[in-house]
A.B. asks: 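Sending over a structure as structure tokens; questions will come in a sec.
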2 protein chains.
Amino acid sequence: MSLPHAILTALLEKPSSGLELTRRFDRSIGYFWSATHQQIYRELGKLEEAGHIRALPSDRPARGQKKEYEVLPAGRAELTAWVGRTEDPKPIRDALLLRMRAAAVVGTEGLEAELRRHLALHEGQLAEYEDIEKRHFPPERDTVEDRLRHVVLRGGIDLERFWIEWVRAALRELAALPTTPR
Amino acid sequence: MSLPHAILTALLEKPSSGLELTRRFDRSIGYFWSATHQQIYRELGKLEEAGHIRALPSDRPARGQKKEYEVLPAGRAELTAWVGRTEDPKPIRDALLLRMRAAAVVGTEGLEAELRRHLALHEGQLAEYEDIEKRHFPPERDTVEDRLRHVVLRGGIDLERFWIEWVRAALRELAALPTTPR
DNA sequence: GGGAACATGTAACACGTTACATGATTGT
DNA sequence: ACAATCATGTAACGTGTTACATGTTCCC
């Protein structure tokens, strides 16, 4: 139940249309809560019906026509309440860890290539985050908003670093295996 | 599409009934791919229909009666193929990171308490993993299967450590904020 | 006037979550 | 006989994914 709150956050940062939101999810918020444009349109509809957002008045019909949304006071209130709400961390759900576990039973064939591929992907993502950090969070700019957003980005950076280290450890372990089992 | 493969792995490690699987998910496989008993029963049905597993012959009717499953050759083949299959890492999706990001916009009220709660939960989970490591992976036992499973557990341990460090950094940042915004 | 890019949307399905229903076995 | 526990299952719903449909604007 977090997509609506991700959207409210994005819309408070800047009123946008569905497609603009989709693009911003691809670059920014979506690094921590991804969504496709279909999800976003569906959710925008619900948020509007709930009175949390409204479409900015426009004379023209809907289909094919840009539709900008802004957050209403009720939406801001809902987001404020949500920030302080209690929600347990979701247990890990990761296919790569599961693959490794399955490999212990049926053999590791093909796993090494997949691990190397993930290593490259995570290194790429890390580079992207570090680039954003350099561009958006230079030592000078230091508003309250920036500091909080910076902590979030640091989380993304350190998560990528964790994965890079884990994959490397897994590759070392595979290399050290007596013979490829099975 | 990983739940069936999680189940196949668990069943290869030991043929089980639905409830037994559910319990083992709560303790072991589920640390990396959790599932409720409803999901497991639904998936067992599909796997049986697909010819990947079969119920061990039993004379008695179904409802309320224990039903043990074992993996068929087709199921093992499917799991073996899946281990080497290609699948991109899922982008991060974490409500706590999102909350922090929202807090940058609507204020941090209530966040500190939630962060402390998560800190305690992650510390507890870490202790549990470390306990499992001590009990299941002593330096001596060192089969191929164990080494691979150990790498998986190390992943869980380091992920918990990451979260503990991140939450601590976030708390430091909150404490350093000039005044609670808004 | 035709294609590319922009923009919103529908439909169908897969997967996960929550609540509840039903039957069997065991212990008191 | 009753409650507790074991065990399997149904139903309804929310969210996420994939494929496709439709209309608009801009530019050649």
Side-chain angles (χ1 to χ4, degrees), chain A residues 1-8 10-11 15-26 29-30 32-50 53-56 58-69 82 87-95 98, chain B residues 1-8 10-11 15-26 29-30 32-50 53-56 58-69 82 87-95 98:
Chain A
M1 250 284 290
S2 296
L3 177 57
H5 304 102
I7 291 177
L8 287 172
L11 284 182
S16 310
S17 67
L19 240 217
E20 279 164 12
L21 273 180
T22 304
R23 289 202 229 288
R24 289 171 56 206
F25 266 70
D26 285 346
I29 296 259
F32 312 105
W33 202 277
S34 63
T36 63
H37 82 275
Q38 290 84 347
Q39 277 179 278
I40 288 173
Y41 283 120
R42 179 156 69 189
E43 205 59 44
L44 283 172
K46 286 191 202 170
L47 282 167
E48 188 174 22
E49 194 172 5
I53 63 175
R54 65 160 190 177
L56 289 181
S58 148
D59 36 329
R60 283 176 296 183
R63 192 119 196 180
Q65 220 52 39
K66 197 159 119 175
K67 206 157 120 194
E68 286 234 311
Y69 290 95
W82 179 79
E87 185 178 352
D88 283 355
K90 290 262 168 291
I92 307 164
R93 227 158 209 243
D94 186 86
L98 191 58
Chain B
M1 246 284 292
S2 296
L3 178 57
H5 304 102
I7 291 177
L8 287 172
L11 284 182
S16 310
S17 67
L19 239 216
E20 278 164 12
L21 273 180
T22 304
R23 288 204 229 288
R24 288 171 57 206
F25 266 70
D26 285 345
I29 296 260
F32 312 104
W33 202 277
S34 62
T36 63
H37 82 274
Q38 289 84 346
Q39 276 179 279
I40 288 172
Y41 282 119
R42 178 156 71 188
E43 205 60 43
L44 283 171
K46 285 191 202 171
L47 283 167
E48 187 173 21
E49 194 172 5
I53 62 174
R54 64 160 191 176
L56 288 182
S58 149
D59 37 328
R60 284 177 294 182
R63 192 117 195 181
Q65 219 52 38
K66 195 158 121 177
K67 206 157 121 192
E68 286 235 310
Y69 290 95
W82 180 79
E87 184 178 352
D88 283 355
K90 290 263 167 292
I92 307 164
R93 229 159 208 243
D94 188 87
L98 191 59

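Here is how names work: the chains are called A, B, and so on, in the same order as the sequence lines, proteins then strands, and each is numbered from 1.
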A.B. asks: Using a cutoff of under 3.5 Å, can you pull out all pairs of nitrogen or oxygen atoms linking the protein to nucleotides 13-17 of chain C, with atom names and distances?
C.D. replies:
unit_1	atom_1	unit_2	atom_2	d
C:dG16	OP1	A:R93	NH1	2.6
C:dG16	OP2	B:Q39	NE2	2.8
C:dG16	O5'	B:Q39	NE2	3.2
C:dG16	N7	B:R42	NH2	2.5

A.B. asks: Of the non-hydrogen atoms in B:S17 and B:K66, which two are nearest, and what is the gap between them?
C.D. replies: CB-CG, 3.7 Å
A.B. asks: Decide yes or no for B:R24 and B:S16: does some side-chain heavy atom of the first lie under 4.5 Å from some side-chain heavy atom of the second?
C.D. replies: yes
A.B. asks: Starting at atom CG of A:D88, determine the distance to atom P of C:dT18, rounded to an integer number of angstrom.
C.D. replies: 11 Å
A.B. asks: D:dT5 P sits how many Å from B:K66 NZ, rounded?
C.D. replies: 18 Å
A.B. asks: Looking at side-chain heavy atoms only, is the closest gap between A:L98 and B:I29 below 4.5 Å?
C.D. replies: yes
A.B. asks: If you round to the nearest 0.5 Å, how far is CD of B:Q38 from CD1 of B:I40?
C.D. replies: 9.0 Å
A.B. asks: For B:P91, give me all partners under side-chain contact (heavy atoms from CB on, under 4.5 Å), at least two apart in sequence or on another chain.
C.D. replies: A:S34
A.B. asks: Can you name the nearest heavy-atom pair linking B:G18 to B:Y41, along with the distance?
C.D. replies: CA-CE2, 3.7 Å
A.B. asks: Would one find a side-chain N or O of A:Y41 under 4.0 angstrom from OP1 or OP2 of C:dG9?
C.D. replies: no
A.B. asks: Residues two or more places apart in sequence or in another chain: which of them pass side-chain contact (heavy atoms from CB on, under 4.5 Å) with B:E48?
C.D. replies: B:I53, B:A55, B:Y69
A.B. asks: Would you kindly give the CG-to-P distance between A:L44 and C:dT10, to the nearest whole Å?
C.D. replies: 13 Å
A.B. asks: With sequence neighbours excluded, tell me which residues meet salt bridge (Lys or Arg N to Asp or Glu O under 4.0 Å) with B:E43.
C.D. replies: none
A.B. asks: Would you mind reading off the distance between A:E49 atom CD and D:dG14 atom P, rounded to a whole angstrom?
C.D. replies: 12 Å
A.B. asks: Tell me which residues in residues 16-26 of chain A lie within less than 4.0 Å of DNA chain C, going by non-hydrogen atoms.
C.D. replies: A:S17, A:G18, A:L19, A:R23
A.B. asks: Rounded at 0.5 Å granularity, tell me how far CG in A:L21 sits from CG in A:L11.
C.D. replies: 5.0 Å
A.B. asks: Specify the separation, in whole Å, of atom NE2 of A:H37 and atom P of D:dT17.
C.D. replies: 13 Å
A.B. asks: Which pair of heavy atoms, one from A:A95 and one from B:E87, lies closest together, and at what distance?
C.D. replies: CB-OE1, 3.9 Å
A.B. asks: Work out how much the helix from C:dG1-D:dC28 to C:dT28-D:dA1 bends between its end axes, five pairs an end, to the nearest 10 degrees.
C.D. replies: 10°
A.B. asks: For A:I7 and A:L44, work out which heavy atoms get closest and say how close.
C.D. replies: CG2-CD2, 4.0 Å
A.B. asks: What's the CG-P distance between A:L56 and C:dT8, to the nearest Å?
C.D. replies: 12 Å
